[in-house]
Trainee: 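Take this structure, written in structure tokens, and hold onto it; I'll ask about it next.
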Amino acid sequence: MTGNAKVVRQAARRRPLCAALLAGTLLGASAAPASALDLFGWWPFGKSESEAEIAVTDPFPYTVTLSLSASNDDLKEKLESTSELVSDADRPPSGEAGLIARANSDFERLVGRLYVEGYYAGTVDIRLAGLTLEAALRMPSLPGPRPVPVTIRVSPGPLFSFGNLAVESTSQDALIGTPESYGLVRGETANSEKVLRAEQQIVAQLKAAGYPFAKIERREIVADHATNRLDVRLVAGPGRAARFGDVTVSGTEATDPDFVVTQAMLPEGEQYSPQAIERATKRLSDLGIFSSVRIVPGEQVGPDGRLPMTIEVSERKRNVIGVGANWSSSEGFGVEAYWRRRNLFGRGELLSVEGSVGRIGDNSLSDLEYAGRIAFEKPGAFGPLTTFTTSLSAKQEIPDAYRSRNVTLDAFVRREFSDQLSARVGAEVQFADEQDVFGNRTYLLTGIIGEVAYDTRDDRLNPTKGINAVAFAEPAYDAKGGNFMLFTKAQVSAYQALDESRRFVLAGRLGAGSIIAPSIRAVPAARRFFSGGGGSIRGYAYRNVGPRIAGEVTGGRSYVEASAEVRMKVTETIGLVGFVDAGNSFSSVYPDFSEGLKVGAGAGIRYFTPVGPLRLDVAVPLNPEKDDPSFAVYVGLSQAF
């Protein structure tokens, strides 16, 4: 840490108080157990072999006790979790030197923990076989029995509170707030973390105001043992204000550097802003062509007040092959695979070839569901915030209610208005050959599509807060049947954690849709609304909820569905879920609630991985009909919604 410190303190060992304030940020957790399974670079049961525990040569066992002079169970528990001697007692160090090194490290960690908790007059006494650390270092060998007894005695002393507080700037042009605005309040417990947090907030505020080299120039921290007060004076140095200057790119091989600069959208000539750098970094990372993106400011502001910027990137492999699988007891197995060519022409283009086979084991080989798709994506097509996509797909669907074969050609332009709000417009042409309860029929649909999405989720695979809402509309014309129709649907999901650690989360989903068309038969079966299955009302057979003719589901022109989940994280890797789903599809253009709703309920377990939670759900239909199972099991990746 740079800067000057004025210190008054007493402890078992002399050392600068300002440096000790950092100790709380250096307190690490104990290592996880080693593992032996590598799944595409993810080690599901711990660390990779390179990170795994290496066999200790000459292990030197010891026993340890930690005592606290004051009766404070909470503080004692925190000290024990901080101490490596305590937390790693079952992993002996290498030789006597390893034990002494661990004890020396513990002294720093324990003093740092006392500062974090607001104790600045405490003492920490660590003895190995009855010897102080200094004496142990002078001994050729530790005396006494084996394992070596280690004792840690901590006297926390009085709890300190904040006394005189001051926050200043070396420049009158760079305004900063009061100590209270940064969480430093006279009379409150003087946790060292509050001082560090205040420093970070001051520097962040100055940088956000256009001072890229802002820092804390001077700290004066005085622990007054006569009054048990901690006086703090922080002096911030903003440095020169700056505007964004020229942008250069390094690390590109296949990528056009001008494309990187354009997509970053760093506002050259405008006031320096960390937020603009964050947005640019995210925008470039979202392209999917870079494994790392780093935007580095120049070393100094130029005479014209501009600060040059360098975008450092590392390109990902251009060819990607992926596979996936899913299973449910009501829908059978499904597999999918894809090949992708990233950065096709050096400006972020993506070419994808995808294929999937579904309902394996649920149907005969001739009645499997399959899909194939070739797609092209061009970011920055009409400016850095737009993306053009086009695709050609072919699909066969064979749920119990119908058989559909269709080919679709589409094209879209997507526009981002903010990090949360986006929209897309486009057109599609679809030919469908279908057989259902109404007989055989072919359709040739041409439609104009509009969609708006609003997403504030903190994590797309495992959200704990935020909203995800999508609204869709498509006016279309069937050239075969001579019918106009309008497809509309909307869905909103909301998430709210009930505690600070986000172990308890409430999640809800509500969706509804309507098709304005002359009749159900006028609408292709694959475009009608069916409910039931893993992505709908769990517990019911796949697409088996809706209006019926002669006992066969026809699909509807409207639907409504709702889901509620209570999610509980039991450990860092295991979670439990209870859920209720309800909904129905209706023959009318708008939902007819007089027909009632189908309800499914169940529970599930989650195994959290770096790529998202693995999901296992078991659901029961509360009012089943023909072809519905007595229960259904679903397995997949990510939360149900």
Side-chain angles (χ1 to χ4, degrees), residues 201 204-205 207-209 244 260 262-267 270-290 292-295 311 348 350 375 377-389 410 412-426 449-474 487-502 504-513 535 561-565 567 610-613 637-641:
Q201 291 175 355
Q205 177 183 327
K207 288 186 175 182
F244 284 111
V260 178
T262 301
Q263 289 298 119
M265 294 181 63
L266 286 173
E270 295 186 12
Q271 177 181 293
Y272 172 88
S273 166
Q275 290 77 16
I277 294 177
E278 290 177 8
R279 289 193 295 269
T281 302
K282 182 179 184 301
R283 196 174 295 116
L284 293 175
S285 298
D286 288 347
L287 291 172
I289 61 177
F290 302 122
S292 67
V293 176
R294 184 167 173 256
I295 300 179
I311 302 175
L350 177 66
E377 178 179 306
K378 167 63 179 169
F382 306 102
L385 297 177
T386 63
T387 301
F388 171 77
T389 60
D410 61 36
F412 294 94
V413 174
R414 183 176 181 270
R415 174 70 156 83
E416 294 183 14
F417 297 98
S418 70
D419 290 341
Q420 296 81 32
L421 182 64
S422 64
R424 67 170 186 156
V425 294
I449 296 173
E451 184 177 86
V452 178
Y454 179 73
D455 189 353
T456 63
R457 291 173 294 176
D458 57 342
D459 185 330
R460 296 195 175 189
L461 294 178
N462 184 34
T464 61
K465 67 175 181 179
I467 294 174
N468 182 35
V470 179
F472 169 94
E474 179 188 3
F487 299 88
T488 63
K489 62 180 178 180
Q491 180 172 290
V492 59
S493 303
Y495 312 87
Q496 181 60 57
L498 302 180
D499 60 321
E500 291 186 2
S501 60
R502 300 181 183 180
F504 295 88
V505 178
L506 293 181
R509 174 179 62 178
L510 178 64
E561 292 177 355
S563 298
E565 289 193 351
R567 301 171 181 173
V611 294
L637 181 65
S638 82
Q639 298 284 5
F641 60 89

Trainee: Pairing donors with acceptors under 3.5 angstrom, does anything connect the side chains of Ser422 and Arg414?
Mentor: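 Judged by distance alone, the side chains do pair up.
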Trainee: Please report the shortest heavy-atom distance between Ala208 and Pro274, naming the atom on each side.
Mentor: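 Shortest heavy-atom contact: CA-CD, 3.7 Å.
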Trainee: Tell me whether the NZ or CZ atom of Lys378 lies within the 45° cone about the ring axis of Phe388 and under 6.0 Å from its centre.
Mentor: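 Output no; distance or angle outside limits.
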Trainee: Which pair of heavy atoms, one from Pro384 and one from Thr262, lies closest together, and at what distance?
Mentor: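 Looking at all heavy atoms of both residues, the shortest contact is CB-O, 3.5 Å.
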Trainee: Can you name the closest pair of heavy atoms from Ser493 and Arg509 and give their distance?
Mentor: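 Here Ser493 and Arg509 meet closest at OG-CG, 3.7 Å.
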Trainee: First locate atom CG of Leu266, then atom CD1 of Ile295, and finally report the distance between them rounded to the nearest 0.5 Å.
Mentor: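 If I round to the nearest 0.5 Å, the distance is 5.0 Å.
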Trainee: Specify the closest pair of heavy atoms between Ala264 and Ile311, including all atoms of both residues, with the distance to one decimal.
Mentor: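 Taking every non-hydrogen atom into account, CB-CD1, 3.7 Å.
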Trainee: Measuring from Leu506:CG to Leu498:CG, what's the distance to the nearest 0.5 Å?
Mentor: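 Going from the CG atom of Leu506 to the CG atom of Leu498 covers 4.0 Å.
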Trainee: Taking Glu451 for its side chain and Phe472 for its backbone only, find out whether a donor-acceptor pair lies under 3.5 Å.
Mentor: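 No; judged by distance alone, with no hydrogens or angles, the pair does not exist.
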Trainee: Can you name the nearest heavy-atom pair linking Leu637 to Gly612, along with the distance?
Mentor: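 Smallest heavy-atom distance, with atoms named: CD1-O, 3.6 Å.
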Trainee: Side chain to side chain contact (heavy atoms under 4.5 Å, CB included) for Ile467 and Val492? Distances and angles first, verdict last.
Mentor: CA-CA 7 Å; Ile467 294 174; Val492 59; 3.8 Å; yes
Trainee: What's the separation between atom CZ in Arg415 and atom CZ in Phe382, rounded to the nearest 0.5 Å?
Mentor: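 Answer for the CZ-CZ pair, Arg415 versus Phe382, is 12.5 Å.
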Trainee: From Asp419 CG over to Thr456 OG1, what is the distance, rounded to the nearest 0.5 angstrom?
Mentor: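 It is 11.5 Å, given to the nearest 0.5 Å.
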Trainee: Can you find a pair of side-chain heavy atoms, one from Leu421 and one from Val452, that are under 4.5 Å apart?
Mentor: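 Touching, per the 4.5 Å side-chain cut-off.
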Trainee: Could you tell me whether the side chain of Lys489 reaches within less than 4.5 Å of the side chain of Phe487, counting heavy atoms only?
Mentor: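 Result no, sub-4.5 Å side-chain heavy-atom pair not found.
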Trainee: Charged N to carboxylate O below 4.0 Å: is that the case for Arg502 and Asp458?
Mentor: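 Salt bridge between Arg502 and Asp458, a charged N being under 4.0 Å from a carboxylate O: yes.
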Trainee: First locate atom CZ of Phe290, then atom OG1 of Thr281, and finally report the distance between them rounded to the nearest 0.5 Å.
Mentor: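 With rounding to 0.5 Å, CZ (Phe290) is 11.5 Å from OG1 (Thr281).
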Trainee: How far does CZ of Phe641 sit from OH of Tyr495, to the nearest 0.5 angstrom?
Mentor: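 The distance works out to 6.0 Å.
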Trainee: Who passes ring pair (Phe, Tyr, Trp, His ring centres under 6.0 Å) against Phe244, sequence neighbours left out?
Mentor: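 In terms of ring pair (Phe, Tyr, Trp, His ring centres under 6.0 Å), with neighbours along the sequence ignored, Phe244 is linked to Tyr272.
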Trainee: For the residue pair Pro463 and Val505, what are the closest heavy atoms and their distance?
Mentor: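 Pro463 and Val505 have their closest heavy atoms at O-CG1, 4.2 Å.
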Trainee: Step by step, would you call Leu385 with Arg283 a side chain to side chain contact (heavy atoms under 4.5 Å, CB included)?
Mentor: CA-CA 9 Å; Leu385 297 177; Arg283 196 174 295 116; 3.9 Å; yes
Trainee: Are the side chains of Asn468 and Arg460 in touch, meaning some heavy atoms are under 4.5 Å apart?
Mentor: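 No, every pair of side-chain atoms sits at 4.5 Å or beyond.
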Trainee: Quick check on Arg294: does its CZ atom have over 12 non-hydrogen neighbours (other residues, nucleotides or ligands) under 6.0 Å away?
Mentor: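 No, the 6.0 Å shell around CZ holds no more than 12 heavy atoms from other groups.
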Trainee: Exactly one of Gln639, Arg457, Arg567 should register a side chain to side chain donor-acceptor pair (under 3.5 Å) with Asn462. Which one does?
Mentor: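 For Asn462, the side chain to side chain donor-acceptor pair (under 3.5 Å) check succeeds only for Gln639.
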